[in-house]
Each structure stands twice: as structure tokens, then as C-alpha cells.
**Q** 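I have a structure I would like to understand better, so I am pasting it below and will then ask my questions one at a time.
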Number of protein chains: 2
Amino acid sequence: MPHKQPPGRPIPDIVVGRLPFYLRTLRSLAAEGLEITSSSELGDRLGLTSAQIRKDLSYFGEFGKQGLGYNISFLIVQLRRILKVDRIWEVVLVGAGDLGRAIANYHGFHDRGFEIRFVFDSDPAKVRQSLSQYTIQDIASLVEKVRAAKIRVAMLAVPAAAAQNVSDLLVEAGVQAILNYAPTSLVVPKGVYVQNIDPGAHMQRMTFYLEA
Amino acid sequence: MPHKQPPGRPIPDIVVGRLPFYLRTLRSLAAEGLEITSSSELGDRLGLTSAQIRKDLSYFGEFGKQGLGYNISFLIVQLRRILKVDRIWEVVLVGAGDLGRAIANYHGFHDRGFEIRFVFDSDPAKVRQSLSQYTIQDIASLVEKVRAAKIRVAMLAVPAAAAQNVSDLLVEAGVQAILNYAPTSLVVPKGVYVQNIDPGAHMQRMTFYLEA
DNA sequence: CACCAATTGAGAAATGTATCACAATTGAAG
DNA sequence: CTTCAATTGTGATACATTTCTCAATTGGTG
Ligand SMILES: NC(=O)c1ccc[n+]([C@@H]2O[C@H](COP(=O)([O-])OP(=O)(O)OC[C@H]3O[C@@H](n4cnc5c(N)ncnc54)[C@H](O)[C@@H]3O)[C@@H](O)[C@H]2O)c1
Ligand SMILES: NC(=O)c1ccc[n+]([C@@H]2O[C@H](COP(=O)([O-])OP(=O)(O)OC[C@H]3O[C@@H](n4cnc5c(N)ncnc54)[C@H](O)[C@@H]3O)[C@@H](O)[C@H]2O)c1
């Protein structure tokens, strides 16, 4: 029974983007004490069709049982493996402003596979101060420290005007994945992944649909 | 010269989702002192093809001049009108925790068409305290106050466990657009728009592509 | 043990989206 | 006044994604 594995068909990026939501939903089903679910239950919770969920999962293997559905904890294990969060990624946070503080205090990332290792800022008044459990470090030492620690993932919470600059430092230090909170498009070399978070864009996307 | 206007063809949602990024980019071009741009310059800045930008804009009208390109400030006016942010929307923020504080202190929303009018929380220790320029109000008074002020847009920054509950209150108060920071799927009636922000999901989307 | 309801996985079909390619237009240069 | 390079807007085409459909399988029930 030959089956397609990750290095088989290329996985559409849009499918990859939904997997974290499947995982999130499965964890909340598990937290409710359930052991088994179905593509239609998942679809209902997520506002997607059951067929889409089955097809998405089928890119990676056969995880369900006909007539029965999916074993929740088994599927969680599989999705964590697929998304490579069956481990903890050390993360560097740059920008110890209001948003940086919220991120540093937030404990929700650990469960998802991430742990902040360093916090950097350029403001001399902030450097050496503490933020949550961290000591804010001088941006000037970023490349050296991040490279030495082999950190590959970053969160960027600096003003838009500084973002490209900091991004360049991160790339120089070997970072390959950047979650960018600044409302600006970063230019990065191939092989570096950027995800942008722009709440203002989401807001404007909704007002489009509101009647004047 | 008949032309398609908003109530003409239905606009693909994916197109609407890109417009805020076009607007954001145009504003930064304007800030650089430029007056004219082209679909290819916009595409380069955004990592999109010029054809896509032209086709997206063509859903709404003919904004460019052949041979020349687009007048930046004219296109900004058009996009603000299309997205309905040629006005300021009053917003209610629920959740005065770390993230709520970052949002309340953040001045970037005003330029995008939004202004916080009320901040609510359920913690008795927080109610009546001030946060940025606001006085935190009791969640118990949300429905009454939001309805009276005819506020139609909300930002939700409460724990996941409380999010559905607060969402129901917001809907009851007449809110039609909710930016949800809680990592949970909200159930809302038709006619209410939800956009979710889940940094953990973005992170996991990137680790998928990293080599082990 | 036969039947049934529930459910998956996946090919085929339908739908949606992006790209191509080019006629039309513009302003500038000679 | 003609020519040219630049660039738009869009129909046609190519590609991507979702949905439909159903054979196959499962465990439960009588
Ligand atoms: N706060 C929000 O709710 C919110 C919402 C949307 C977007 N954002 C974006 O997130 C980013 C951060 O927002 P914030 O509210 O925390 O801003 P902030 O001004 O409070 O913090 C920014 C921090 O970055 C530091 N910084 C500036 N230049 C730096 C550099 N070159 N290297 C290292 N650190 C540097 C500053 O010293 C400051 O501590 C901004 O781009 C903002 O647009 C924030
Ligand atoms: N802080 C971050 O960087 C971050 C990142 C990702 C997601 N989030 C999400 O954003 C939300 C808020 O995060 P936070 O870090 O600010 O948490 P927080 O615990 O600091 O703040 C939550 C606030 O919500 C209030 N609250 C709780 N129940 C409420 C209710 N029923 N009505 C009104 N207010 C209520 C609490 O009193 C508290 O002030 C959470 O869902 C969290 O998962 C936060």
C-alpha cells in the first residue's frame, strides 16, 4: 500500500497554513476529554467542509479509520511531527516595547513548540533591564549571540522603520523564519521564511464588507 | 464607458484581503515623496506580480494611466474609499491584559481608520483603572454602552476560554466585525465578520518548511 | 453472521485564482 | 508630426483549490 510522504507530492502552501488550526482544534477537543473525532466535527468547529479536512490530511498519510473517524491524540502526534513542533524551537525576540512585553509574558507559545531564548532592543535605557524572565540585550550583540546559540526562528516587534535593518541582522545570524509584526514588507534571501502579522490589514478587510 | 462598480461583479475575498497591503505600500511610497508608481513597482515591494495587482484593481475601476502608471495619492484615496476607511471607525477593545495594553498604547490604528472608544475587562481589580488614555470599564456594562454608542467594530484580547462568551456579548450589542486575538474559533451569526490573529499558527506554518 | 450506519480516502468534476499576452494609450523625444 | 518606450486593463489560458461522489471499511446491533 504505497503512500505519499512529505517528499512525495509537493504540499500546497495553503494546506500547510491550515494544519496549525487543525492541531489547535484537536488540542481543544482533547482538553474536553474526547478521544475520537471526525472530519465533519473538525469542519464544524473550524468552518470548513469535512472533505477539505480529509483531503488536506491525505497529503500526509492515512490517519483515520473508515466508519469511525480519527483518534485525537494520534492525530495530534502526527500533526506535531508534520509541523515539526514535536520539539521546542528556541526563538529570539527583537523589540522590547509594548508588544514585545506582551509576547515575552505570553505563555501560549510553549505549547505550540516555541520558547524565547533572547530578547534584544536598541534602546540604551532598556538594555540590561529585565522583561518577564529575560534580560534585554543590546541589539549590537545579536548576530554573535544568535549565531552562537544556533537560533533559527525570530519574532520581530520593532517599528516599521527599523524592521528591514533588524531582519538583515537576523538573516546574517542564521535565522530562517521570521514572524514580522511590523507593518512593512521584508526583503529576505531565498530559504528564509517570513510571516506577517498586520492587525490593521485584518481590520480593513472587515470594514470592506460593512455597509457605510 | 460602462464600468464595474462594487455592486457589479462579486469581489473575490482573496482580492479584498490584498487591498490593505496595497494601501499600506502606497502610503509608504507617498511617505518617500513619490507621486507616481506602477503595478510592477508595487509588485516588487509586495512580492506579487504586476498582473495580479492590475487585475485586482480592475475589479473596482480604472485607476491608472497607460504608459504612466498610477498616481499614488489618487490611488490611496480610492483604496481608502473602497475599504471604507475614508472615515474613522470607533472600536471597542475587550481585554485589558498585556496584549490589550499594547493595543491601547498603539497609535498605528488611527492612520488605518480606527480609534478605540471603550476598553472593557472583567477583572474587578482592573475596572476603573486607567489604561493608556482610557478608563477600563466593567464587562457587565458592555452591551448597554456599545449599543448606545453604535459601535460596530471590536478587538477581542481575552483568554480563549472567555472569547466565545465575550463574542456573544459583542454581537448582542450590535458589533459586526471582530478582530479575534484568542486562539479559538468563534461562532457568530451571518452578517458578523471575524478575523483571527494567531501568531502561533504563523510560527508553525514556518517550521513546517525548516529542515529538522 | 448478516446487515446497517458512519465514515474515510481519493479520483473526477467544478470552481476559483493567477498569469499571459497584447491592443490601446500616453507623454516624451526628435 | 512621427516614432518610441512604458505601461495599463482585460480576455484568454493555465494552474490551483475545493467540492462532489462513491467504493471500501469499520464496528455495532439484532
Ligand atoms: N502594539 C500593538 O498592538 C501593535 C499592533 C500592530 C502592530 N504593531 C507593530 O509592532 C511593532 C512594535 O510595536 P510596539 O507597540 O511594541 O512599539 P514600541 O515603540 O512600544 O516598541 C518598539 C521597540 O523596538 C525597539 N527598537 C527600535 N528600533 C530598534 C532596533 N533597530 N533594534 C532593536 N530594537 C529596536 C524600541 O526601543 C522599542 O523598545 C511596530 O512595528 C508596530 O507597528 C504593534
Ligand atoms: N500576549 C500575546 O503576545 C499573545 C499572543 C498570542 C495570543 N494572545 C492571546 O490574546 C489573548 C490575551 O492575551 P494576554 O496576553 O493579554 O492575556 P492576559 O491574561 O494578560 O489578559 C487577558 C485579559 O482578559 C481579561 N478577561 C478575562 N476574561 C474576561 C471576560 N470574560 N471579559 C472581559 N475581560 C476578560 C482578564 O482580566 C485580563 O485582563 C489571549 O487569548 C491570548 O491567548 C496573546
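Throughout, a chain's letter reflects where its sequence line sits, starting with A, and its residues are numbered from 1.
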**Q** Considering only nitrogen or oxygen atoms on both sides, find all protein atoms under 3.5 Å from nucleotides 28-30 of chain D and state each distance.
**A**
none

**Q** Tell me which residues in residues 35-52 of chain A put a heavy atom below 4.0 Å from DNA chain C, sorted by number, or none.
**A**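 Close to the strand are A:S38, A:S39.
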**Q** What string of B, S and - do you get for nucleotides 23-30 of chain C 5' to 3' if you count protein non-hydrogen atoms under 4.0 Å?
**A** -BBBS---
**Q** Rounded to whole Å, please give me the gap between CG in A:D13 and P in D:dT17.
**A**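 The answer, rounded to whole Å, is 8 Å.
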**Q** Check salt bridge (charged side-chain N to carboxylate O under 4.0 Å, His left out) between A:R80 and all other residues, then give those that pass, not counting sequence neighbours.
**A** none
**Q** Listed by chain and number, what are the salt bridge (charged side-chain N to carboxylate O under 4.0 Å, His left out) partners of A:E32, not counting sequence neighbours?
**A** A:R45
**Q** Which pairs with one or both residues in residues 145-173 of chain B pass salt bridge (charged side-chain N to carboxylate O under 4.0 Å, His left out), sequence neighbours excluded?
**A**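 Output for this query is empty, none listed.
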**Q** Please collect all ring pair (Phe, Tyr, Trp, His ring centres under 6.0 Å) contacts where either partner lies in residues 164-206 of chain A, sequence neighbours excluded, each pair once.
**A** A:Y193-B:Y209
**Q** Mind telling me whether A:F109 and A:Y106 have parallel, tilted or perpendicular rings, with 30° and 60° as the class edges?
**A**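 Judged by the thresholds at 30° and 60°, the geometry between A:Y106 and A:F109 is perpendicular.
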**Q** Compare the minimum distances between each of C:dT17, D:dT18, D:dT17 and the side chain of B:I14, then state the nucleotide with the smallest one.
**A** C:dT17
**Q** Side chains of A:S167 and A:N165: any donor to acceptor distance under 3.5 Å?
**A**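 Per modelled atom types, A:N165 and A:S167 side chains form no pair under 3.5 Å.
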**Q** Given the ring of B:F208, does A:K84 sit roughly above its face, with NZ or CZ under 6.0 Å from the centre of the six-membered ring and within 45° of the axis?
**A** yes
**Q** Could you list the residues that satisfy salt bridge (charged side-chain N to carboxylate O under 4.0 Å, His left out) with B:E115, not counting sequence neighbours?
**A** none
**Q** From C:dT8, D:dT17, D:dG9, pick the nucleotide closest to the side chain of A:Y70?
**A** C:dT8
**Q** Listed by chain and number, what are the salt bridge (charged side-chain N to carboxylate O under 4.0 Å, His left out) partners of B:R18, not counting sequence neighbours?
**A**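 So B:R18 forms a salt bridge (charged side-chain N to carboxylate O under 4.0 Å, His left out) with B:D56.
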**Q** The criterion is side chain to side chain donor-acceptor pair (under 3.5 Å); which residues satisfy it with A:S28, sequence neighbours excluded?
**A** none
**Q** To the side chain of B:P12, which of D:dG9, C:dG9, C:dT17 is closest?
**A**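 Of D:dG9, C:dG9, C:dT17, C:dT17 is nearest to the side chain of B:P12.
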**Q** Between atom CG of B:L186 and atom CG of B:N180, what is the distance when rounded to the nearest 0.5 Å?
**A** 4.0 Å
**Q** Where is the tightest heavy-atom contact between B:F118 and B:A149, given as atom of each residue plus distance?
**A**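 Closest pair (atom of B:F118, atom of B:A149, distance): CE1-CB, 3.9 Å.
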**Q** Expected output is a numbered-order residue list: members of residues 17-31 of chain B with a heavy atom under 4.0 Å from any atom of DNA chain C. What is it?
**A**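 Heavy-atom contacts with DNA chain C come from B:R18.
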**Q** Enumerate the salt bridge (charged side-chain N to carboxylate O under 4.0 Å, His left out) contacts for residues 186-212 of chain B, please, sequence neighbours excluded, ordered by first and then second residue.
**A**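 Found A:D13-B:R205, A:R24-B:D198, A:R112-B:D198.
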**Q** NZ of B:K55 versus C1' of D:dT8: gap in Å, rounded?
**A**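 The answer, rounded to whole Å, is 13 Å.
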**Q** Starting at atom CG of A:N71, determine the distance to atom P of D:dT26, rounded to an integer number of angstrom.
**A** 15 Å
**Q** Can you see which heavy atom on B:S39 is nearest to which on B:Y70, and at what distance?
**A** N-CE1, 3.8 Å
**Q** Rounded to the nearest Å, what distance is computed from the CZ atom of residue B:F63 to the P atom of nucleotide D:dT10?
**A**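 That distance rounds to 11 Å.
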**Q** Given atom CD1 of B:I53 and atom P of D:dT8, what is their separation to the nearest angstrom?
**A**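 Interatomic distance, CD1 of B:I53 to P of D:dT8: 10 Å.
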**Q** In whole angstrom, what separates A:R54's CZ from D:dT17's C1'?
**A**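 A:R54 atom CZ is separated from D:dT17 atom C1' by 16 Å.
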